[in-house]
Structures are given as C-alpha cells and as structure tokens.
Number of protein chains: 2
Amino acid sequence: MTDAKNQKRSVIRLLRSHGITPTSQRVKIAAALFEKPQHLTADQVMLMVNQDRKKVSKATIYNTLGLFAEKGLLKELTVDANRAYYDSTTHNHHHFFNQETQEMSDIAADDIEIKLPEQLPEGTEIERVEMVVYLRNKD
Amino acid sequence: MTDAKNQKRSVIRLLRSHGITPTSQRVKIAAALFEKPQHLTADQVMLMVNQDRKKVSKATIYNTLGLFAEKGLLKELTVDANRAYYDSTTHNHHHFFNQETQEMSDIAADDIEIKLPEQLPEGTEIERVEMVVYLRNKD
DNA sequence: CTGCTTGCAAAGGCTTTGCAGAACA
DNA sequence: TGTTCTGCAAAGCCTTTGCAAGCAG
C-alpha cells in the first residue's frame, strides 16, 4: 500500500476518533494540517489545500477549522488581533510571535517556567493559559 | 478652581508630555480613560464619551486610541480575537480574561513569576510578553 | 431516504480610509 | 494661512450565515 493511502487512513481514523465524519474535504484539510506541527491561518490552509483541481470553499475551510478546534484536534491561538491562527499541536505550550514577519514558533515546555497566581477571581477557574513572547527583528 | 478643571489640566499636560496636541476630543477621551486603571474596547470608550450632547465620532475614537497606543499612553491588548482592548495602565503586567463575561482583570506582578527562555529565534529580540489566563465561571 | 455537508454569495462586526470642512498654531 | 484634526460615509478584512444542491450512512 502507498504511503499516501496509509496517511489518508490514519487521518480518517483520527477524525473518527474525535467524533468527526470524515468527508473528503475534511480529510484533505486534516492531512495538510497534521503533516507536521505548524501554525496556520485560515488563508494559509486555503492555499495549501487548493493547489490542485478540486477546490475546497472558503466557508468549508472556516467551518472545518472551527469544528476541529471544538473537537480538540486543533488549538485556536489569539496572538494577532487581525486573524486567527490554528495550531496543529494541542499539547500545552507557548509561543514566540514575530509581528514583522508574522512567523510563529513554539517555546519548548522546559525552556519556560510560569508560576500562576493562587488567587483567582471569585467563582472562576482556569480554562487555559496563553503566553506569547512578541519579537521584533534585531537592528 | 474646580476638580474638573484640575483634572482637565493634568490630562492636557499628560498629552503634551507625550507629543500629542490636546484637542477637545482627545482630552475628553483621555479623561475617561485615565480616570482609573481599566480595560476598554473602542465601543466602550465611545459609550463613555458620548453620554452628553457633544458626540465624538467613531472614526476619531479609533484614530485617537491608535494614536495613544502608538505614543505609549495606552497598551493595546490581544486577548480576544473579536475586538481590541486598550489598557489604561501601561506598566508591565498580565491579565485574567473571562470569556463568558468578557471581563478582564489585572494579575499583580508579584502574584506571578515567569522565567523566559534564554534562546530566542535567530536575529530577534523581545518586544513584549503578553500572558493571558483565560477563565470560565465555576459550575 | 434523512440528515449532515458543501459551496456560493450575502451579510456581519470591527477597524481603517478618503475627503471636505473645521480647528489649531 | 498652512497644517493638523474631525466627522461622515464608504470601503476593507476576516469570519459567519442562509440556503439550495450534494453526499454519507
């Protein structure tokens, strides 16, 4: 069996295991996303997925990214007020973001240390912690 | 002299000290913002400022908030993909953000501890660090 | 078959911009 | 008087939504 077919199968398995019906569009999007750890905007996903003849519509890209995030396959990041970024790696970690180049990279878990406050506002609990180190180019 | 007049004078001084020509609209906006530490969206500033007869236009609100942020009077926060928040306190600190209520609050500097990575991506330097603890209501 | 998905285009929310008139220095 | 600022409306960008046609189970 070819590698491509194997990859497709494992993507389908991944979707099913998260309660997502694997349509051809979703499989195509998932294959692009989960190929490697990366941080992508909806537009970038659109470009990756629409290289060939069979196009996936913008609406479906957005709906699918939203669905994947909701089902825990992706993490939506709030690093840039102008557009959403989706992280194909969902384990807990943080980010560098270079605003000049729009490039994001991960901060390895053991390169950072955060001691959170013990006192939270009345009646609340932590949902998640997002830390972003904004960078600029030197000189 | 009245307190209101004194407050107006100090706002004008503040603007001038940051190289901003104090027009009546800017003074009005600044007076609302710097009354106390707070986190406001453009819309909220609009509401605060337009209680009385003399209205400030939406364009001017946006332009002024952008100008204040550029001149270092305000800090623009990226906590919510849907809208920008402006923090009237610019010293370095972090935030709680309750997504259900849209409420933000400060995390006191000594309630938190962050050890940043020593290794930054090639050719970059840190511009700022933004950490947000996203909250949900308990139960 | 019956419901879930897709694609298109239109609508929506926040923010920026072009430009003419008003205010400032 | 020359420059800067304001307000209005229009435009822009990213994202969501309504709906008819298509596909999955």
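Reminder, nothing fancy here: chain letters follow the sequence lines and each chain counts from 1. None of these values were measured; they are calculated from a predicted model.
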Applying the side chain to side chain contact (heavy atoms under 4.5 Å, CB included) test to A:Lys28, which of A:Val11, A:Thr23, A:Val49 qualifies?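 Going through the options one by one, the only one that passes is A:Val49.
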Quick tally for nucleotides 1-16 of chain C: nucleotides whose base has a protein heavy atom under 4.0 Å get B, sugar-phosphate-only ones S, the rest -, giving ----SSBB-----SBB
[X] [atom1] to [N] [atom2]: how many Å, rounded?
| X | N | atom1 | atom2 | result |
| --- | --- | --- | --- | --- |
| A:Gln102 | D:dC13 | CD | C1' | 13 Å |
| A:Met46 | D:dC13 | CE | P | 15 Å |
| B:Arg53 | D:dG7 | CZ | C1' | 19 Å |

Are the ring centres of A:Tyr86 and A:Phe68 closer than 6.0 Å?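 A:Tyr86 vs A:Phe68: aromatic centres not under 6.0 Å.
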Check whether any side-chain heavy atom of [X] sits under 4.5 Å from a side-chain heavy atom of [Y], and report yes or no.
| X | Y | value |
| --- | --- | --- |
| B:Thr41 | B:Gln102 | no |
| B:Val79 | B:His39 | no |
| B:Phe97 | B:Asp80 | yes |
| A:Lys36 | A:Ser88 | no |

Quick one: sort the A:His95 and A:His93 rings into parallel, tilted or perpendicular, breaks at 30° and 60°.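 Geometry flag for A:His93 against A:His95: perpendicular rings.
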Spatial distance of atom CG (B:Asn50) from atom NZ (B:Lys58) [nearest 0.5 Å]: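 Nearest 0.5 Å value for the CG-NZ distance: 10.5 Å.
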Taking five pairs at each end of the helix from C:dC1-D:dG25 to C:dA25-D:dT1, what angle separates the two helix axes (nearest 10°)?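 Taking the rotation axis at each end, their angle is 30°.
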